[in-house]
Peer 1: 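The following block contains the structure, expressed as structure tokens.
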Amino acid sequence: MKMMRWLSRKKLNNKGMSLVEIIVAVAVFTVVAIPVMKIFASSNGTNFRSRDRQRATLVGEAIMESFKAFDMEAMVAQVVTGTYNGVKFTGTAPTVVAYVGGSEVSPLLGDGKLRRDADSIKFTFDNIEADGMKLNAEIIATPKEEGQLLRMESPNAYSDAIYSLDHKFNNDLSAHTIEQSKAALMSAKPSVALSDISDDITIKDFHRVTTFTVSDDAGVQKVTMKMSCTANAEMKYEESVGVDKEETVPLSFNVKFELEDGSKTEEILIYDNTNTIAGEDVKGDICKLDNVYFYFSPAYECFFGDNPSEEFVIEGELNSLYDAGSASAAGVDPESVGRLPLKICLVKQKYNGIDDAKLNNEEMGYSAKVTSNISGSGEVILAHNFNENLVGPTGSVMTPVPTSGFADVQTYSFNAAEPYKCGFAGEVELLYDLKISLSKVEKDGTASAVATFEGTVVN
């Protein structure tokens, strides 16, 4: 009987969960689960947005680099003529318009030159392919300022050899150096393919040598120029699947210059007094070489670290430049001509695309070595605007007094307060603020903003 009563009590006490308890449990679970689910949903959305931004960043950087590689006039011309191929499009060609006083106009004038009076220039790049995603890009280029590049002297085509290389040349040289690095690695290791090499390449010990060769033979005077570079490239590559290697490859190459007909040469003629100028047969009876002007952007604009170095070599034979014999043969009074020295003018240009703080820092680490190996009886004068950055053949700092290889050394300073701001004769540089706005094209055709990039480019 007692056992029955105990079992009865045990059964009565085992009631299970009531409906109220179930409702409370579900409510507690809901309160906890909803925030957790939101966190997962938010994390998933963040990952998608992060992936979109990463793709947009690659596209934005590609567009920005294309604007740095070409000046504004060239970029506009490429879009107008349909030859722009900086990024891939699907079915929609890029367009460009300019705005003057609120009115939409063509960015190019009738002669094909870029408008200088535009308030802004707008490029539209729609349906850009980006790893399965489509992007629209709007690029607004707004004129920032005009920088009048200063005149050192007034050169003329009859008696002066004139050549200039701006910062765009340095951009091309940077890309060429990277190409040379990859080619050198593949040459040293034939088993390595181009696709195995990482784009993460560090160029060190970059040294650029510009050589001018002067010839003066019986009244025929010519000046040629060539350029060579050496460096060390630190590279990464995949030796085999999952096996990464690092290698330092020495570089040594000659720069090729593009001629007007599209061909390339390693040695370019920058002066020849036997050429015909403006329909006249000038030859030696009118033309005589007085000066060589070389306007250049310094090596640090190649954007290589480790303080790139620069060297200039003047070589060849220099006799009279315009001696009494050739003067008499040309019917010119020899006494009115005399023997003239040759002046080599090396003019370093300032690139306004670098802010003053960075430019000053680069200048502090910059040095240029100049050597004259001219033979013959003619004298050579060096004129430069390197200030304290110029070193002589032995490595000592040059001063404005005669030094080894030169009859005289002359300095130019265009800005006493900021001497690194030097000039480029007789040209105007126009800077543009560039804003690149990227938006993602959704499946329904709408677009949502993804990323924005800003920078400065030069016309």
Side-chain angles (χ1 to χ4, degrees), residues 59-89 92-126 128 135-150 164-175 258 260 262 295-297 301-303 349-356 358-359 421 423-438 451-459:
V59 172
E61 289 176 348
I63 294 174
M64 184 68 76
E65 288 303 315
S66 67
F67 273 84
K68 289 181 178 180
F70 300 95
D71 62 25
M72 188 61 64
E73 185 173 284
M75 284 300 300
V76 169
Q78 287 180 30
V79 173
V80 169
T81 57
T83 57
Y84 176 79
N85 60 359
V87 293
K88 294 182 179 179
F89 301 89
T92 305
T95 61
V96 57
V97 296
Y99 294 92
V100 177
S103 300
E104 187 176 299
V105 296
S106 172
L108 297 179
L109 299 174
D111 60 358
K113 297 295 184 182
L114 183 70
R115 299 189 72 103
R116 307 297 291 221
D117 60 345
D119 300 319
S120 64
I121 299 174
K122 183 176 78 172
F123 297 82
T124 303
F125 294 172
D126 287 341
I128 302 171
L135 292 167
N136 290 343
E138 181 183 83
I139 299 97
I140 302 295
T142 306
K144 181 179 180 181
E145 65 182 65
E146 282 194 355
Q148 178 65 52
L149 298 171
L150 304 178
S164 62
L165 294 173
D166 60 13
H167 69 275
K168 292 186 289 298
F169 170 81
N170 280 342
N171 285 341
D172 293 340
L173 181 57
S174 297
E258 186 170 350
E260 292 183 358
Y295 301 97
F296 72 99
S297 296
E301 284 186 15
C302 292
F303 302 108
Q349 301 174 70
K350 174 182 178 288
Y351 173 35
N352 288 328
I354 301 178
D355 62 70
D356 288 349
K358 180 174 175 56
L359 183 62
K421 293 184 177 180
F424 183 12
E427 290 206 0
V428 174
E429 207 173 43
L430 188 60
L431 304 182
Y432 287 89
D433 281 333
L434 205 67
K435 183 177 181 179
I436 303 173
S437 300
L438 294 166
T452 301
F453 299 86
E454 296 184 358
T456 300
V457 294
V458 181
N459 174 54

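Residue numbers count from 1 along this sequence.
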Peer 1: Which heavy-atom pair separates Arg115 from Ser106 by the least distance, and what is that distance?
Peer 2: CD-O, 2.8 Å

Peer 1: Output the distance between atom CG (Asn170) and atom CZ (Phe296), rounded to the nearest 0.5 Å.
Peer 2: 9.5 Å

Peer 1: From Leu135 CG over to Asp126 CG, what is the distance, rounded to the nearest 0.5 angstrom?
Peer 2: 10.5 Å

Peer 1: Taking Asp119 for the side chain and Gly101 for the main chain, is one N or O donor matched with an acceptor at less than 3.5 Å?
Peer 2: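 Side chain of Asp119 to backbone of Gly101, a donor-acceptor pair under 3.5 Å: yes, one is there.
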
Peer 1: For the residue pair Ala141 and Pro143, what are the closest heavy atoms and their distance?
Peer 2: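 Taking every non-hydrogen atom into account, O-CD, 4.0 Å.
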
Peer 1: Measure the shortest side-chain to side-chain distance between Phe125 and Val59 over non-hydrogen atoms and say whether it is less than 4.5 angstrom.
Peer 2: no

Peer 1: First locate atom CE of Met72, then atom CG of Leu434, and finally report the distance between them rounded to the nearest 0.5 Å.
Peer 2: 5.5 Å

Peer 1: Can you check whether Asp433 reaches Lys435 side chain to side chain, under 4.5 Å on heavy atoms?
Peer 2: no

Peer 1: Could you state the interatomic distance from CD (Glu138) to CG (Leu438), rounded to the nearest 0.5 Å?
Peer 2: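 These two atoms lie 10.5 Å from each other.
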
Peer 1: Identify the two heavy atoms, one from Tyr99 and one from Val105, that lie closest to each other, and give their separation to 0.1 Å.
Peer 2: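 It is N-CG2, 4.5 Å.
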
Peer 1: How far does CD of Glu61 sit from CE of Met64, to the nearest 0.5 angstrom?
Peer 2: 9.5 Å

Peer 1: Side chains of Thr95 and Val97: does their closest heavy-atom pair fall under 4.5 Å?
Peer 2: no

Peer 1: Can you see which heavy atom on Thr142 is nearest to which on Ser120, and at what distance?
Peer 2: OG1-CB, 4.3 Å

Peer 1: If you look at every heavy atom in Val80 and Leu108, which pair is closest and at what distance?
Peer 2: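 Distance-wise, the nearest heavy atoms are CG2-CD1, 4.2 Å.
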
Peer 1: Where do Ala118 and Val100 come nearest, in terms of heavy atoms and distance?
Peer 2: CA-CG2, 3.8 Å

Peer 1: So do the side chains of Leu165 and Leu173 get within less than 4.5 Å of each other, counting heavy atoms only?
Peer 2: no

Peer 1: When the ring centroid of Phe67 is compared with that of Phe123, is the distance short of 6.0 Å?
Peer 2: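 Judged by ring-centre distance (under 6.0 Å), Phe67 and Phe123 do meet the cut-off.
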
Peer 1: So how far is it from Ile140 CD1 to Ile121 CD1, rounded to the nearest 0.5 Å?
Peer 2: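 Interatomic distance, Ile140 CD1 to Ile121 CD1, rounded to 0.5 Å: 10.0 Å.
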
